[in-house]
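Basis for what follows: all heavy atoms, side chains included, without hydrogens, waters or symmetry-related copies. Protein chains get the first letters and strands the later ones, always in sequence-line order, with residue 1 at the start of each.
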Protein chains: 2
Amino acid sequence: MHIPEQLFAALGHEVRLRCLLLLQREGELCVCELTHGLDLAQPTISRHLAHLREAGWVEDHRQGLWVYYRVSSRLPAWVREVLATTAAGIVNSAPFAGDLLRLGAMPNRPGARGCA
Amino acid sequence: MHIPEQLFAALGHEVRLRCLLLLQREGELCVCELTHGLDLAQPTISRHLAHLREAGWVEDHRQGLWVYYRVSSRLPAWVREVLATTAAGIVNSAPFAGDLLRLGAMPNRPGARGCA
DNA sequence: CCGGAATATGTGGCAAATGATATATACTGC
DNA sequence: GCAGTATATATCATTTGCCACATATTCCGG
């Protein structure tokens with residue numbers, strides 16, 4: 001859909017904004033990484049990811065047991081620019097900076113490194 | 001306040017986004033100009049302007065009978081950039097383009113031209 | 001002080017978002 | 001097919017947001 005006010009409505013919730021910031025920075029993350037990074041219950045993360053998915057801001061693809069999310073590849077240029085500007089503007093403040101630290105310190109991350 | 005998710009939540013409503021876009025383009029507008037541009041009831045506009053004011057997006061000042069609103073001068077640089085990017089991205093699509101046209105065609109506009 | 005114009009706020013009802021918890025689904029390895 | 005892990009969805013209670021309408025407030029001119 002990509003309706004402008006729906007973009008901001010989606011960003012207008014702390015959990016979704018934190019998720020999108022991590023995805024914008026890391027490129028692609030599975031649900032358990034987001035759950036660990038934000039330190040929230042898994043259903044909470046899944047619900048907000050579903051919200052972002054239905055609004056068209058993220059895409060998901062399953063890979064075995066894990067479902068990976070990333071910022072949608074079909075966004076208008078101005079939307080990508082808004083996301084990038086926002087990420088740069090808030091990445092060093094709470095709670096976003098802490099999310100990145102927690103994610104970086106997460107043990108047994110799945111993915112390319114084959115730790116799981 | 002300028003808490004990121006509160007800023008975005010304020011934009012997450014069509015009426016408020018349309019108001020903010022007109023303000024971003026025109027610099028300063030009174031309530032009756034916004035009411036005419038969006039073609040909505042005055043209490044609707046006032047209510048959403050109050051929402052934007054409380055979120056920190058706009059400032060108002062009274063000048064006689066009219067109350068003028070403008071984009072707040074104390075927004076962080078990245079927020080102003082998000083707003084400018086958004087405005088440029090959506091200004092040519094509905095309903096935003098129509099709002100600008102209606103505002104431009106409004107008769108008896110108050111302000112510097114002293115028409116009222 | 002009074003009437004009228006511009007703007008703001010109060011109220012009631014209702015739809016939608018949220019949070020916490022429980023449960024269902026999808027996949028892997030055996 | 002079974003057990004276990006990862007993820008998604010259902011449910012319920014609560015809160016929040018919104019709309020339409022009525023009314024209040026602020027200000028100006030006379």
Side-chain angles (χ1 to χ4, degrees), chain A residues 1 3 5-19 22-23 28-55 57-70 103 106-111 114-116, chain B residues 3 5-19 22-23 28-55 57-70 106-111 114-116:
Chain A
M1 276 298 189
I3 297 171
E5 61 264 23
Q6 287 186 358
L7 170 65
F8 295 115
L11 297 185
H13 188 285
E14 191 194 300
V15 172
R16 290 190 294 267
L17 186 55
R18 290 163 73 188
C19 284
L22 283 187
L23 293 173
E28 191 167 84
L29 295 170
C30 71
V31 177
C32 64
E33 290 173 312
L34 288 163
T35 300
H36 186 97
L38 301 200
D39 192 25
L40 290 172
Q42 174 265 320
T44 299
I45 301 293
S46 274
R47 152 114 35 148
H48 287 290
L49 286 173
H51 189 143
L52 289 170
R53 185 193 338 122
E54 286 155 15
W57 308 124
V58 301
E59 300 166 339
D60 65 322
H61 65 100
R62 183 177 277 273
Q63 192 167 326
L65 272 181
W66 294 273
V67 176
Y68 287 89
Y69 283 83
R70 61 175 170 234
L103 177 60
M106 176 180 177
N108 298 329
R109 283 174 71 176
C115 315
Chain B
I3 296 172
E5 60 266 24
Q6 289 184 354
L7 283 170
F8 290 125
L11 291 192
H13 188 286
E14 190 195 297
V15 172
R16 291 191 292 270
L17 187 54
R18 289 163 72 189
C19 284
L22 282 186
L23 293 172
E28 191 167 86
L29 295 170
C30 71
V31 177
C32 63
E33 290 173 314
L34 289 163
T35 299
H36 186 97
L38 272 64
D39 192 25
L40 290 173
Q42 173 266 320
T44 299
I45 302 293
S46 273
R47 154 101 11 108
H48 286 293
L49 286 172
H51 193 144
L52 287 171
R53 185 187 341 116
E54 286 155 17
W57 273 113
V58 300
E59 301 165 339
D60 66 320
H61 66 98
R62 184 178 276 273
Q63 192 168 324
L65 223 41
W66 293 273
V67 176
Y68 286 90
Y69 283 83
R70 62 175 170 236
M106 176 179 177
N108 298 328
R109 283 175 69 176
C115 314

> Nearest-Å distance, CD1 (A/Ile45) to P (D/dA8)?
Replying inline: 11 Å

> For the pair made of CD in A/Gln42 and C1' in C/dA22, what is the distance, rounded to whole Å?
Replying inline: 12 Å

> With a 4.5 Å heavy-atom cut-off, do A/Arg109 and A/Leu103 have their side chains touching?
Replying inline: yes

> Rounded to the nearest Å, what distance is computed from the CD atom of residue B/Glu54 to the P atom of nucleotide D/dG17?
Replying inline: 11 Å

> Among D/dT7, D/dC18, C/dA8, which is the nearest nucleotide to the side chain of A/Cys30?
Replying inline: D/dT7

> Would you find a donor on one side and an acceptor on the other, under 3.5 Å apart, between the side chain of B/Arg18 and the backbone of B/Leu38?
Replying inline: yes

> Could you state the interatomic distance from OH (A/Tyr69) to CG (A/Leu52), rounded to the nearest 0.5 Å?
Replying inline: 9.0 Å

> In whole angstrom, what separates A/Leu40's CG from D/dT7's C1'?
Replying inline: 16 Å

>> Could you tell me how far apart A/Leu17 (CG) and C/dT18 (C1') are, to the nearest whole angstrom?
In response: 17 Å

>> If you define the side chain from C-beta out and look only at heavy atoms, does anything of A/Glu59 sit under 4.5 Å from A/Arg70?
In response: yes

>> On DNA chain C, compare the nucleotides closest to A/Val15 and A/Gly64; which residue's is nearer the 5' end?
In response: A/Val15

> Would one find a side-chain N or O of A/His36 under 4.0 angstrom from OP1 or OP2 of D/dA6?
Replying inline: no

>> Is B/Arg53 close enough to C/dT7 that one of its side-chain N or O atoms is under 4.0 Å from OP1 or OP2 there?
In response: no

> For C/dG19, does OP1 or OP2 lie under 4.0 Å from any side-chain N or O of A/His48?
Replying inline: yes

>> Would the distance check show the side chain of B/Arg16 and the main-chain N or O of B/His51 forming a donor-acceptor pair, the cut-off being under 3.5 Å?
In response: no

> Ignoring hydrogens and angles, does a donor from either the side chain of A/Arg47 or the base of D/dT11 sit under 3.5 Å from an acceptor on the other?
Replying inline: yes

> Which listed nucleotide (D/dC21, D/dT5, D/dT7) is nearest to the side chain of A/Leu65?
Replying inline: D/dT5

>> Any side-chain N or O of B/His51 below 4.0 angstrom from OP1/OP2 of D/dG17?
In response: no

> Rounded to whole angstrom units, what separation is found between the CG atom of A/Leu49 and the P atom of D/dA8?
Replying inline: 7 Å

> To the nearest Å, how far apart are A/Tyr68 OH and C/dC27 P?
Replying inline: 15 Å

> What's the OH-P distance between A/Tyr69 and D/dA6, to the nearest Å?
Replying inline: 16 Å

> Which listed nucleotide (C/dT18, D/dT7, C/dT9) is nearest to the side chain of A/Val67?
Replying inline: D/dT7

